[in-house]
Number of protein chains: 2
Amino acid sequence: MSAAAPHPVERLAEEDTLSLAERAYRRLRDSIVQGALPAGSRISERSLATALGISAQPVREALRRLEQDGMVVTLPRRGTVVAEFGPERQAEMGRIRAALEGAAAALAAARADDAALAALDAQLQAMRDATAAGKPELVSEANERFHALIHKATDNVFLIRSLAALRAYDHFGRVRALNATPKELPRALREHAAILSALQAKDPDAAEGRMRAHVLRSLEVGGLLPSTRKRPA
Amino acid sequence: MSAAAPHPVERLAEEDTLSLAERAYRRLRDSIVQGALPAGSRISERSLATALGISAQPVREALRRLEQDGMVVTLPRRGTVVAEFGPERQAEMGRIRAALEGAAAALAAARADDAALAALDAQLQAMRDATAAGKPELVSEANERFHALIHKATDNVFLIRSLAALRAYDHFGRVRALNATPKELPRALREHAAILSALQAKDPDAAEGRMRAHVLRSLEVGGLLPSTRKRPA
DNA sequence: AACTGCCATCTGCTATTGCAGACTGCATGA
DNA sequence: TCATGCAGTCTGCAATAGCAGATGGCAGTT
């Protein structure tokens with residue numbers, strides 16, 4: 001397998017001319033996670049289509065994707081409503097994300113080539129600089145890019161799409177985690193460095209364990225993940 | 001609830017009540033995993049719609065779901081082709097499934113009520129009987145039902161849908177795993193019992209670890225998961 | 001013969017229309 | 001007062017038609 005061969009899936013990530021369905025999906029998703037559409041809100045394909053100035057089909061397609069993501073629930077011939085996801089649901093999604101991020105790290109360790117590792121190292125350096133400068137938002141950006149690079153390195157469509165869906169859930173919680181305490185920034189940095197070293201060593205199990213622990217701990221700092229992880233006998 | 005009509009999650013509705021899109025999705029998915037549509041096959045919305053005797057919209061919706069599952073790749077204005085998933089891809093999906101099954105077990109441990117635990121125990125007993133009778137097919141059925149019950153117990157839509165998609169990938173490999181060696185049946189039975197005991201004890205970490213190990217080992221027996229995974233004693 | 005530009009035809013994408021099931025509110029009857 | 005039938009309306013679902021982009025073959029030129 002040549003590294004020069006471009007994968008067709010990578011293209012749709014940054015297509016300047018997105019389809020209407022894709023735009024509707026992102027817009028709805030953001031509206032839901034930001035609270036503009038609270039749980040229980042009824043969403044009609046037609047009314048939403050007219051509100052967005054498009055046809056009903058793209059809206060329907062967006063709602064289908066949101067249903068797969070667990071953000072809305074559709075009752076046939078009844079309607080579509082926004083699903084409720086309180087703190088405990090977000091904690092669940094966080095746990096799921098930890099598991100999937102771990103799997104992604106394991107696959108990336110077995111598959112990442114030198115170019116991918118170099119890109120990861122660059123992002124790690126950017127994160128180091130932002131940490132030294134004490135700019136949490138830049139750290140957060142570099143942090144997300146770091147994770148996204150690992151996802152991409154797996155070259156697994158299912159994993160990439162699933163993690164993209166999960167990312168929408170706890171996006172704000174993740175930012176909050178980094179802003180929670182100043183000590184958090186260097187800690188996340190150290191963990192990222194440890195993960196990258198595992199990837200460079202092509203050690204799937206180490207990469208998975210470290211990534212998993214990293215995500216779980218950041219969830220704890222973010223206030224999610226109640227007492228499921230800590231079980232002092 | 002009575003055991004007279006125990007529907008597995010996926011088989012609860014009969015052909016007539018399902019939407020055309022759902023039917024097209026399952027039919028295409030099965031055709032792909034069974035090899036009737038080999039990797040690289042070009043799929044046209046229109047021609048497939050006429051072949052199935054339905055309109056193009058349900059077909060399109062089915063293709064979108066398959067794309068989310070990673071089974072087809074769509075290039076805008078170009079066409080839709082069946083993605084390639086050889087042994088190494090199946091091994092990847094197996095690893096991902098192990099991670100998600102583990103997460104499901106953890107959530108189920110924290111959430112399952114007595115009724116769900118009783119249903120699991122019933123399935124375990126059915127599996128025990130089938131094992132004693134030496135009927136791999138019945139064991140496989142009970143096995144899948146056991147896992148499906150755990151998924152359902154999580155009450156997490158995203159997890160349920162993701163695992164349902166993953167199940168399609170290695171369905172045949174999983175059956176093969178149980179038929180591989182007679183010793184495999186009681187082993188899977190013991191592991192299931194251990195998982196259930198962790199669920200009953202409301203121990204998420206134990207449940208996750210045991211479930212994860214169970215899935216990984218069954219993948220090894222099934223011939224997937226090459227040499228990337230080394231089992232420490 | 002080799003290159004180039006055009007056009008028929010394919011593709012996925014979107015819009016429009018109509019359908020059947022399910023809810024709502026009012027009129028009717030006891 | 002309470003129950004009940006019945007439109008009118010809303011819902012998601014499906015079919016049809018037409019759009020723009022991409023492809024491949026063919027004619028024309030060099």
Side-chain angles (χ1 to χ4, degrees), chain A residues 6-29 32 37 39-83 157 161, chain B residues 12-29 32 37 39-83 157 161:
Chain A
H7 209 273
V9 142
E10 298 174 354
R11 296 186 55 85
L12 66 95
E14 39 190 334
E15 196 87 16
D16 50 350
T17 162
L18 290 169
S19 70
L20 295 183
E22 180 70 24
R23 273 182 272 179
Y25 167 73
R26 298 188 183 184
R27 186 162 172 176
L28 276 177
R29 175 166 57 86
I32 291 177
L37 288 175
S41 300
R42 293 175 48 84
I43 299 181
S44 166
E45 293 181 357
R46 277 176 172 76
S47 57
L48 185 58
T50 58
L52 295 180
I54 61 178
S55 174
Q57 259 76 9
V59 173
R60 172 178 171 80
E61 197 168 312
L63 289 179
R64 280 288 165 280
R65 286 185 59 184
L66 288 173
E67 191 177 15
Q68 293 244 332
D69 295 349
M71 286 196 173
V72 303
V73 48
T74 297
L75 299 88
R77 303 287 178 351
R78 293 279 308 264
T80 302
V81 297
V82 177
V157 180
R161 296 208 185 248
Chain B
L12 78 165
E14 214 49 45
E15 285 269 321
D16 293 339
T17 57
L18 289 172
S19 70
L20 295 182
E22 181 69 24
R23 273 184 272 179
Y25 167 72
R26 298 188 183 184
R27 186 161 174 177
L28 276 177
R29 175 167 57 88
I32 291 176
L37 288 174
S41 300
R42 293 174 49 84
I43 298 180
S44 165
E45 293 182 356
R46 278 176 173 77
S47 57
L48 185 57
T50 57
L52 294 179
I54 60 178
S55 174
Q57 261 79 3
V59 173
R60 173 177 171 79
E61 197 168 310
L63 290 178
R64 280 290 164 279
R65 285 184 60 185
L66 288 173
E67 192 177 15
Q68 295 245 332
D69 296 348
M71 288 198 173
V72 303
V73 173
T74 297
L75 298 90
R77 305 278 173 8
R78 293 280 309 265
T80 302
V81 298
V82 177
V157 179
R161 294 206 185 250

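Below, read A as the first sequence line, B as the second, and so on, with proteins coming before strands; counting in each chain starts at 1. Note that this is a predicted model, so its numbers are computed, not measured.
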(request) Describe the nucleic acid contact of B:Leu63 in one word from base, sugar-phosphate, nothing, applying a heavy-atom distance below 4.0 Å. (result) nothing
(request) May I have the distance from A:Arg42 (atom CZ) to D:dG12 (atom C1'), rounded to whole angstrom? (result) 11 Å
(request) Take B:Glu45 and A:Gly53, find for each the nucleotide of DNA chain C with the closest heavy atom, and name the residue whose nucleotide sits nearer the 5' end. (result) B:Glu45
(message) Could you tell me if the side chain of B:Val72 sits less than 4.5 Å from the side chain of B:Ile32, heavy atoms only?
(response) yes
(message) Which is more 5' along DNA chain D, the nucleotide nearest A:Gln57 or the one nearest A:Thr74? Just name the residue.
(response) A:Thr74
(message) Nearest whole Å is fine: how far is D:dG12 P from B:Glu61 CD?
(response) 13 Å
(request) Determine, for B:Glu67 against B:Arg64, whether the closest basic-nitrogen to carboxylate-oxygen distance falls under 4.0 angstrom. (result) yes
(message) If the threshold is 4.0 Å, N to carboxylate O, is there a salt bridge linking B:Arg26 and B:Glu22?
(response) yes
(message) Can you tell me how far apart CG (A:Leu20) and CD (A:Gln57) are? Round to the nearest 0.5 Å.
(response) 11.5 Å
(request) Compute the bend angle of the helix from C:dA1-D:dT30 to C:dA30-D:dT1 from the end axes (five pairs per end), rounded to 10°. (result) 10°
(request) Starting at CZ of A:Arg161, measure out to CZ of A:Arg65 and round the result to the nearest 0.5 Å. (result) 6.5 Å
(request) Could you grab the distance from atom CD of A:Gln68 to atom OH of A:Tyr25, nearest 0.5 Å is fine? (result) 9.5 Å
(request) Let me know the distance between CZ of B:Arg60 and P of D:dA17, rounded to the nearest Å. (result) 19 Å
(message) Reading DNA chain C from 5' to 3', where do the contacts with chain A start and stop? Cut-off is 4.0 Å to heavy atoms.
(response) C:dT14 to C:dC23
(message) Any side-chain N or O of B:Ser55 below 4.0 angstrom from OP1/OP2 of D:dA14?
(response) no
(request) Between protein and nucleotides 18-24 of chain D, map the contacts as a letter string: B base, S sugar-phosphate only, - none, heavy atoms under 4.0 Å, written 5' to 3'. (result) B-BSSS-
(request) Walk me through it: do B:Leu28 and B:Leu48 pass the test side chain to side chain contact (heavy atoms under 4.5 Å, CB included)? (result) CA-CA 10 Å; B:Leu28 276 177; B:Leu48 185 57; 3.6 Å; yes
(request) Please name the pair of heavy atoms, one in A:Ala83 and one in A:Gly70, separated by the smallest distance, quoted to 0.1 Å. (result) CB-O, 3.6 Å
(message) Looking at every non-hydrogen atom in both residues, tell me the closest pair between A:Ile54 and A:Ala24 and how far apart they are.
(response) CD1-CB, 4.4 Å
(request) With the side chain counted from C-beta on, respond yes when A:Leu63 and A:Glu45 share a heavy-atom pair under 4.5 Å apart, and no when they do not. (result) yes
(message) For the OG1 atom of A:Thr80 and the CG atom of A:Leu66, what is their distance to the nearest 0.5 Å?
(response) 9.5 Å
(request) For B:Ile54 and D:dT16, give me the distance from atom CD1 to atom C1', rounded to whole Å. (result) 14 Å
